[in-house]
Novice: 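Mind looking over this structure? Questions follow.
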Amino acid sequence: MHENIMQEKSTPQYNASLIEKNAQKHWASTHAFRAVEDSSKKKYYCLSMFPYPSGKLHMGHVRNYTIGDVLTRYHRMQGYNVLQPMGWDAFGLPAENAAMQNGVPPAKWTFDNIAYMKKQLQSLGFAIDWEREVTTCTPEYYKWNQWLFLRMLEKGIAYKKTQTVNWDPVDQTVLANEQVIDGRGWRTGAVVEKREIPGYYFAITQYADELLASLDTLPGWPERVKTMQANWIGKSFGVRLAFPYELDGKQEKLWVFTTRADTLMGVTYVAVAAEHPLATHAAKNNPELAAFIERCKQGSVMEADVATMEKEGMKTGLFVQHPLTGEQVEVWVGNYVQMAYGEGAVMGVPAHDERDFEFANKYGLPVKQVIKKARLLAPDDVRNPEAAEEDKFDPKVWKAWYKLESPLVDEPLVITTNSGKYSDLSTIAAVDAIVADLAAKGLGEKKVQYRLRDWGISRQRYWGCPIPLIHCPTCGTVHVPDDQLPVKLPEDCVPDGSGNPLKKRPDFLNVACPKCGGPAERETDTMDTFVDSSWYYARYCSADNANAMVDERAKYWMPVDQYIGGIEHAILHLLYARFWNKVMRDVGLSTGSDEPFANLLTQGMVLNHIFSRRTDKGGINYFAPDELDLTHDANGKLVGAISKADGQPVDYNGIGTMSKSKRNGVDPQSLIETYGADTARFFMMFAAPPEQTLEWADSGVEGAHRFLKRVWAFGVENAAAIKAAPALSGKLPEELAKLRREVHLNLKQASSDLARHQFNTVASAGMKLLNALERAPEGEGKAAVLAEGFSILLRILSPITPHIAHSLWTELGYGSDILSAPWPQVDEGALVQDELELVLQINGKLRGSIKVAASADKATIEALAVASEVAQKQLAGAAPKKVVVVPGRLVNIVC
RNA sequence: GCCGGGAUGGUGAAAUUGGUAAACACAGCGGACUUAAAAUCCGCCGCUCUAAACAAGCUUACGGGUUCAAGUCCCGUUCCCGGCACCA
């Protein structure tokens with residue numbers, strides 16, 4: 001009944017919802033997006049980071065998935081066999097928080113959210129192969145987390161040690177970093193403590209070198225992401241050295257790591273972490289020190305907190321010997337020393353380390369200069385007294401040059417000083433000399449150190465993948481046998497904030513030991529959700545295989561040709577996924593590719609205003625913008641807000657990423673309902689280039705919608721002419737040739753902008769193209785030019801606004817399905833011009849223009865420019881000093 | 001604090017990567033159509049000076065520099081965003 005929607009003026013108006021429903025019905029009935037392996041075709045695997053099912057889509061999702069869809073559809077038109085799958089990163093903390101709030105089990109909440117969000121995704125018309133959908137909280141999926149975890153244990157890639165966590169002493173529970181606000185628990189307001197508990201780790205540091213080196217095999221990754229990953233891995237070449245000491249009659253060594261062994265003669269103290277064994281020992285008979293160590297354990301484990309807190313320390317009363325001089329060096333406990341990095345102890349060289357400098361000046365420790373500028377200006381140098389002053393060492397004022405290094409031996413910038421036999425050496429030479437002597441005494445050697453730490457995966461939480469281990473009083477820790485996998489998570493628990501509910505589930509907890517058959521208990525810790533998202537890209541290729549984690553099909557599709565996701569994942573998720581892919585290879589599950597993602601597009605965050613209010617307990621409540629009345633200052637800047645519910649002010653926290661936890665996400669649903677999916681998609685692409693941060697504002701949506709209405713109206717008005725148009729032939733009249741030139745110019749721009757992923761200008765090329773077509777002059781061949789131009793416009797638009805393109809393409813008789821239409825080719829012949837207009841500059845300032853034949857050479861152009869009226873006026877008879885000709889662009893006359 | 005990125009009209013942005021700054025839009029203003037409104041169409045729209053200008057000057061966060069020529073390259077500063085290992 002509604003098949004022919006453009007039937008004889010019955011719906012001349014653009015009816016987005018009808019058009020979109022019909023197009024989606026057509027795609028569903030033809031299984032248009034089912035991906036089938038076909039080794040005869042070049043493949044294109046386009047993957048967008050799967051969403052956490054938080055309840056509703058937000059604009060960040062729309063942006064991410066529209067980018068992926070545009071690329072998928074564009075490549076399909078270029079003849080690729082495309083795969084675009086979708087799934088759900090379905091384990092995680094928000095489901096537990098929701099359970100605490102409304103009593104619904106995380107499983108039900110999660111599956112309900114997935115159902116709703118899937119509908120939203122489908123209404124946006126994405127070309128997704130839903131037959132490959134994966135959901136990480138299903139046993140079919142997480143079975144393989146468990147299976148690979150056991151392989152990693154067997155190979156020594158997974159192991160157990162203690163971890164430091166945030167502990168809420170009131171709720172008696174481990175807190176996520178996100179749940180710590182200014183060092184206090186988010187629900188209780190209690191001061192958070194650091195606590196040591198056992199946990200499982202993945203030895204990602206074993207792969208540090210490979211993860212670093214293979215960044216060079218990824219030319220399709222943004223440079224900034226590779227830089228961030230390289231800095232995160234943080235390979236540094238330094239020296240591990242020991243300060244000997246005697247304890248209870250025994251010879252011991254305090255090990256430290258330093259990248260600046262050349263400053264060893266400048267050591268005036270050593271500092272150890274509060275958790276360091278030496279600190280613990282010293283505190284035994286020193287209640288004041290014990291109290292200080294306790295205080296160091298207050299506050300969160302977050303690096304940002306640790307790095308910004310006031311540096312404090314206390315003497316231990318213990319001394320160690322300087323490894324070269326044997327001098328006594330005092331041992332301090334420093335709250336800024338991290339047990340997890342290096343040896344948990346650092347040597348203090350206040351003269352040449354800014355942090356040590358601050359510490360030493362605070363506690364009155366000596367500052368000994370051991371580096372000086374290689375060529376000093378005399379202090380009374382009259383030619384440059386300021387530079388001479390700058391060269392002088394001042395133990396009270398920090399100067400940047402104190403920490404300079406000299407990698408060059410021949411012409412060093414700085415050299416060692418006051419260092420006995422190690423004086424007057426470049427950094428490299430000094431390190432070598434010092435290491436040689438340390439090595440002879442057995443007190444040090446060169447060492448490669450990584451900033452990267454092993455990946456702790458244990459979570460004391462319910463809504464995650466169970467760790468497949470059993471604790472038996474007789475056999476110890478026993479692996480769950482493969483044939484008993486998966487260890488299923490009960491789906492009816494409701495967490496209440498007081499620890500892991502699995503501990504209160506005898507049906508989960510109690511189990512017979514697989515080894516001895518005696519009574520035993522299951523491990524109740526679950527895995528970090530980053531584990532789930534570390535291999536889903538491979539699972540999509542083999543989603544229906546119940547017998548293997550991945551199979552042969554992965555070798556066809558992998559690596560992912562284009563991965564798209566938020567820049568916030570630049571380090572952790574991407575590093576873990578790269579690591580896991582290599583681990584799969586090393587346990588014999590190769591996907592045929594050492595790196596999972598060949599090309600990466602990091603989408604900029606979609607931001608919105610954030611509003612909150614402190615609770616009386618010191619916690620924090622966030623408000624959604626639509627719950628507030630906003631107040632602006634005279635310039636229209638947002639300054640504050642009032643709650644609609646209680647009329648009281650709330651705090652404005654600036655802008656930040658749209659997120660569930662901050663409640664500042666904007667739901668695209670009303671946009672889709674009012675204007676349609678095509679408008680939402682078009683506007684999202686038009687708003688900004690994909691890598692750029694985008695502050696959300698929906699002004700402009702109307703414009704996008706207006707454009708699509710014009711596209712539709714143009715199709716309706718010109719339907720008859722286009723259908724009846726003959727093929728292009730013969731020479732066009734000048735005005736029509738100009739129009740055709742514009743059409744192909746815009747096509748050229750759209751093609752190159754698509755290739756470089758700048759979708760906003762693809763959209764504007766479409767707008768320019770329509771503007772040109774609407775102003776088409778009359779003349780012989782007009783219908784043919786319009787028919788060609790509109791077919792090009794529809795194909796340019798189809799990746800961005802596939803529904804309207806689909807509908808017009810079929811209705812106007814261009815073909816049976818625009819999905820199988822090829823991407824249009826630029827007709828270079830249409831772009832040719834006989835005459836060019838060049839900009840005329842005098843001394844770099846725009847002063848006019850000249851017209852030259854397209855074939856004119858530089859000398860001709862130069863002569864024409866100099867002869868021009870404007871140039872003659874400026875030159876006033878003199879000869880120009882210089883003339884610069886930029887072919888096809890401008891002439892600059894310097895006089 | 002450390003690592004990475006960003007800043008262009010009233011607003012979102014563009015500039016073929018060193019060559020006409022502000023394309024394409026949004027908002028605004030004026031006009032046409034209409035009894036009226038909406039929708040639609042046409043025109044104007046960086047700032048200063050000016051009655052106005054196809055006259056002149058200024059302008060890409062701020063301060064310097066390189067170049068015939070700088071939004072683009074170099075040095076320094078400010079502010080904003082992302083990440084910092086248990087948010088995902």
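To find a chain, count down the sequence lines: A is the first, B the second, and so on, and within it residues start at 1. Only heavy atoms go into these numbers, but all of them, side chains included; no hydrogens, no water, no symmetry mates.
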Novice: Distance check, P atoms only: B:C2 and B:A56, in whole angstrom units.
Specialist: 50 Å

Novice: Please list each protein N or O that sits under 3.5 Å from an N or O in nucleotides 23-25 of chain B, with the distance.
Specialist:
residue: B:A23; atom: O2'; partner: A:K768; partner atom: NZ; Å: 3.4
residue: B:A25; atom: OP1; partner: A:N771; partner atom: OD1; Å: 3.3
residue: B:A25; atom: OP1; partner: A:N771; partner atom: ND2; Å: 2.5

Novice: Walk me through it: do A:W535 and A:Y141 pass the test ring pair (Phe, Tyr, Trp, His ring centres under 6.0 Å)?
Specialist: CA-CA 10 Å; A:W535 65 283; A:Y141 185 87; 4.4 Å; yes

Novice: Would you mind telling me which of B:G4, B:A85, B:C87 lies closest to the side-chain atoms of A:T227?
Specialist: B:G4

Novice: Evaluate the ring planes of A:H705 and A:Y14, with Trp represented by its six-membered ring, and classify them as parallel (under 30°), tilted (30 to 60°) or perpendicular (over 60°).
Specialist: tilted

Novice: Please report the distance separating the C1' of B:C81 from the corresponding atom of B:A69, rounded so that it comes out in whole Å.
Specialist: 33 Å

Novice: Identify whether any heavy atom of A:V174 sits under 4.0 Å from a base atom; if not, whether one sits that close to sugar-phosphate; answer base, sugar-phosphate or nothing.
Specialist: base

Novice: What nucleic acid atoms does A:L890 come within less than 4.0 Å of, heavy atoms only: base, sugar-phosphate, or nothing?
Specialist: base

Novice: For A:E312, give me all partners under salt bridge (charged side-chain N to carboxylate O under 4.0 Å, His left out), at least two apart in sequence or on another chain.
Specialist: A:R295

Novice: Considering just the side-chain nitrogens and oxygens of A:K709, establish if one lies under 4.0 Å of OP1 or OP2 belonging to B:U40.
Specialist: yes

Novice: Between A:E837 and A:A688, which residue's closest nucleotide on RNA chain B lies nearer the 5′ terminus?
Specialist: A:A688

Novice: Report the distance from atom NZ of A:K662 to atom OG1 of A:T657, rounding to the nearest 0.5 Å.
Specialist: 7.0 Å

Novice: Return no unless some side-chain N or O of A:Q692 is found under 4.0 Å from OP1 or OP2 of B:A13.
Specialist: yes

Novice: Sticking with atom P, work out how far B:G71 lies from B:C84, rounded to a whole angstrom.
Specialist: 37 Å

Novice: Is B:G9 syn or anti, taking syn as a glycosidic angle within 90° of 0?
Specialist: syn

Novice: Within the 4.0 Å heavy-atom criterion, would you say A:E223 contacts the bases, only the backbone, or no part of the nucleic acid?
Specialist: nothing

Novice: Quick check on B:A85: is either OP1 or OP2 less than 4.0 Å from any side-chain nitrogen or oxygen of A:Q163?
Specialist: no

Novice: In whole Å, measure the gap between the P atoms of B:A22 and B:A14 for me.
Specialist: 15 Å

Novice: With A:W167 as reference, evaluate A:E196, A:Q172, A:K194 under the side chain to side chain contact (heavy atoms under 4.5 Å, CB included) test and give the passing residue.
Specialist: A:Q172

Novice: Checking side chain to side chain contact (heavy atoms under 4.5 Å, CB included) against A:I457, which of A:Y200, A:Y201, A:F530 comes through?
Specialist: A:Y200

Novice: Can you name the residues that form a ring-ring contact (aromatic ring centres under 6.0 Å, His included) with A:W696, not counting sequence neighbours?
Specialist: A:F683

Novice: Is A:E358 salt-bridged to A:R355, going by a charged N under 4.0 Å from an acidic O?
Specialist: no

Novice: Could you give the distance separating B:C54 and B:C44 at their P atoms, to the nearest angstrom?
Specialist: 12 Å

Novice: Please list every stem that involves RNA chain B, where a stem is a run of 3 or more consecutive Watson-Crick or G-U wobble pairs with both pairing distances under 3.5 Å.
Specialist: B:1-7 with B:78-84, B:10-12 with B:24-26, B:28-32 with B:40-44, B:46-48 with B:56-58, B:61-65 with B:73-77

Novice: Quote, to the nearest angstrom, the P distance that separates B:A61 from B:G12.
Specialist: 13 Å

Novice: How long is the span from the CH2 atom in A:W463 to the CG atom in A:L93, to the nearest 0.5 Å?
Specialist: 13.0 Å

Novice: Is A:K362 paired with A:E310 through a side-chain N to carboxylate O contact shorter than 4.0 Å?
Specialist: yes

Novice: Give the nucleotide from the list B:A15, B:A13, B:G1 with an atom nearest to the side chain of A:A307.
Specialist: B:G1

Novice: Quick one: side-chain contact (heavy atoms from CB on, under 4.5 Å) partners of A:P94, sequence neighbours excluded?
Specialist: A:Y52, A:W109

Novice: For a quick check, with a 4.0 angstrom heavy-atom cut-off, what is the B/S/- contact string for nucleotides 67-84 of chain B, read 5' to 3'?
Specialist: -B------------SSSB

Novice: Among the nucleotides B:A13, B:A39, B:A85, which one has an atom lying closest to any side-chain atom of A:L452?
Specialist: B:A85

Novice: For A:V165, answer base if it contacts any base atom (sugar-phosphate contacts may also be present), sugar-phosphate if it contacts only those atoms, and nothing otherwise; contact means non-hydrogen atoms under 4.0 Å.
Specialist: base

Novice: Looking at A:R459 and A:E96, is there a salt bridge between them, counting it only when a charged N and a carboxylate O are closer than 4.0 Å?
Specialist: no

Novice: Which residue lies toward the 5' end of RNA chain B, A:N231 or A:S699, if each is placed at its nearest nucleotide?
Specialist: A:N231

Novice: Can you tell me how far C1' in B:C45 sits from the matching atom in B:C26, rounded to whole Å?
Specialist: 13 Å

Novice: A:S659 side chain N/O closer than 4.0 Å to the phosphate oxygens (OP1, OP2) of B:C87?
Specialist: no

Novice: Given B:C58, is OP1 or OP2 found less than 4.0 Å from the side-chain N or O atoms of A:K845?
Specialist: yes

Novice: If I pick the C1' atom on B:A25 and the same atom on B:A52, what distance separates them, to the nearest angstrom?
Specialist: 29 Å

Novice: Please evaluate residues A:D168 and A:W186 with respect to the criterion side chain to side chain donor-acceptor pair (under 3.5 Å), reporting the C-alpha separation (whole Å), side-chain torsions for both, the decisive distance (0.1 Å), and the verdict.
Specialist: CA-CA 9 Å; A:D168 186 320; A:W186 67 328; over 6 Å; no

